[in-house]
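All values below come from the heavy atoms of this structure, side chains included, with hydrogens, waters and symmetry mates left out. Here the structure is a predicted model, which means the values were calculated and not measured.
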Amino acid sequence: MIIIAQISYPPESNQEMAKRFLEAPQIPDFLNRKGPYVCSSMSTGVTAVSLYELDKSKVGEGYEFVNNYYTTYFSVPGFKYEAKVFLDIGEGLKMIGMG
């Protein structure tokens, strides 16, 4: 199972975002984070994506941690985030009775 989180913020918030990233809570051992992967553009600002791999049995706890983790950035001007849980194809097939 995986949680994909995407954040965005304007370039003028770079320094504050970097400061908070360095101060953010440690990722628990049951989450395997890939990223954050960062890109930027003049029209949309900075965007970063992180992938959190975890066991299905920890999805509730993992989703709660990820959402709480991003509250670290809430007062940064222009900050936005979204986090979603994704199933791998085997898990998806099981949900519809085909796996």
Side-chain angles (χ1 to χ4, degrees):
M1 194 160 274
I2 194 165
I3 299 169
I4 299 177
Q6 181 171 330
I7 67 169
S8 63
Y9 54 91
E12 55 271 13
S13 293
N14 275 333
Q15 294 294 318
E16 186 62 25
M17 287 297 292
K19 176 183 167 198
R20 293 192 191 202
F21 178 77
L22 295 172
E23 298 171 349
Q26 291 292 327
I27 306 299
D29 290 339
F30 68 87
L31 286 174
N32 180 21
R33 180 171 68 183
K34 305 288 185 183
Y37 302 103
V38 181
C39 69
S40 62
S41 75
M42 292 298 290
S43 61
T44 59
V46 179
T47 301
V49 175
S50 295
L51 303 125
Y52 299 87
E53 297 173 325
L54 69 160
D55 187 82
K56 180 180 173 182
S57 67
K58 294 284 195 174
V59 71
E61 190 177 346
Y63 191 66
E64 181 179 3
F65 174 83
V66 168
N67 282 287
N68 287 335
Y69 175 86
Y70 288 106
T71 64
T72 303
Y73 305 95
F74 275 9
S75 63
V76 174
F79 172 77
K80 297 177 187 174
Y81 94 104
E82 180 176 51
K84 295 181 180 179
V85 175
F86 287 81
L87 307 174
D88 69 31
I89 194 65
E91 293 163 333
L93 287 171
K94 283 180 186 176
M95 282 185 63
I96 61 170
M98 298 184 73

Should [X] and [Y] be counted in the same cluster of Ile, Leu, Val, Met, Phe, Trp and Tyr side chains packed under 4.5 Å apart?
X     : Y     : value
Leu54 : Leu87 : yes
Ile27 : Val85 : yes
Val49 : Ile3  : no
Phe74 : Val76 : yes
Phe65 : Ile4  : no

*Take Thr47 and Val38, measure what side chain to side chain contact (heavy atoms under 4.5 Å, CB included) needs, and give me the verdict at the end.*
CA-CA 6 Å; Thr47 301; Val38 181; over 6 Å; no
*Tell me, with the steps shown, if Ile7 and Met17 meet side chain to side chain contact (heavy atoms under 4.5 Å, CB included).*
CA-CA 11 Å; Ile7 67 169; Met17 287 297 292; 3.8 Å; yes
Please report the interatomic distance [atom1]([X]) to [atom2]([Y]), rounded to the nearest 0.5 Å.
X     : Y     : atom1 : atom2 : answer
Phe21 : Glu16 : CZ    : CD    : 14.5 Å
Asp88 : Lys94 : CG    : NZ    : 8.0 Å
Tyr63 : Lys84 : OH    : NZ    : 9.5 Å
Ser50 : Gln6  : OG    : CD    : 10.0 Å
Thr71 : Arg20 : OG1   : CZ    : 10.0 Å
Ile2  : Leu51 : CD1   : CG    : 4.5 Å

Taking the side chain as every heavy atom from C-beta outward, state whether [X] and [Y] have any pair of such atoms under 4.5 Å apart.
X     : Y     : value
Val66 : Leu31 : yes
Thr72 : Pro25 : yes
Tyr73 : Tyr9  : no
Phe86 : Met1  : no

*Kindly say whether Pro11 contributes a backbone atom to a donor-acceptor pair with the side chain of Asn14 at under 3.5 angstrom?*
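It does hold such a pair.
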*Give a yes or no on whether the backbone of Pro77 and the side-chain of Ser13 come within a donor-acceptor separation of less than 3.5 Å.*
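Confirmed, Ser13 side chain pairs with Pro77 backbone.
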*Heavy atoms of other groups near Glu23 CD, more than 12 under 6.0 Å*: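 Yes, enclosed.
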*Should the pair Tyr70 and Tyr81 be assigned to parallel (<30°), tilted (30 to 60°) or perpendicular (>60°) ring geometry?*
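Rings of Tyr70 and Tyr81: parallel, under 30°.
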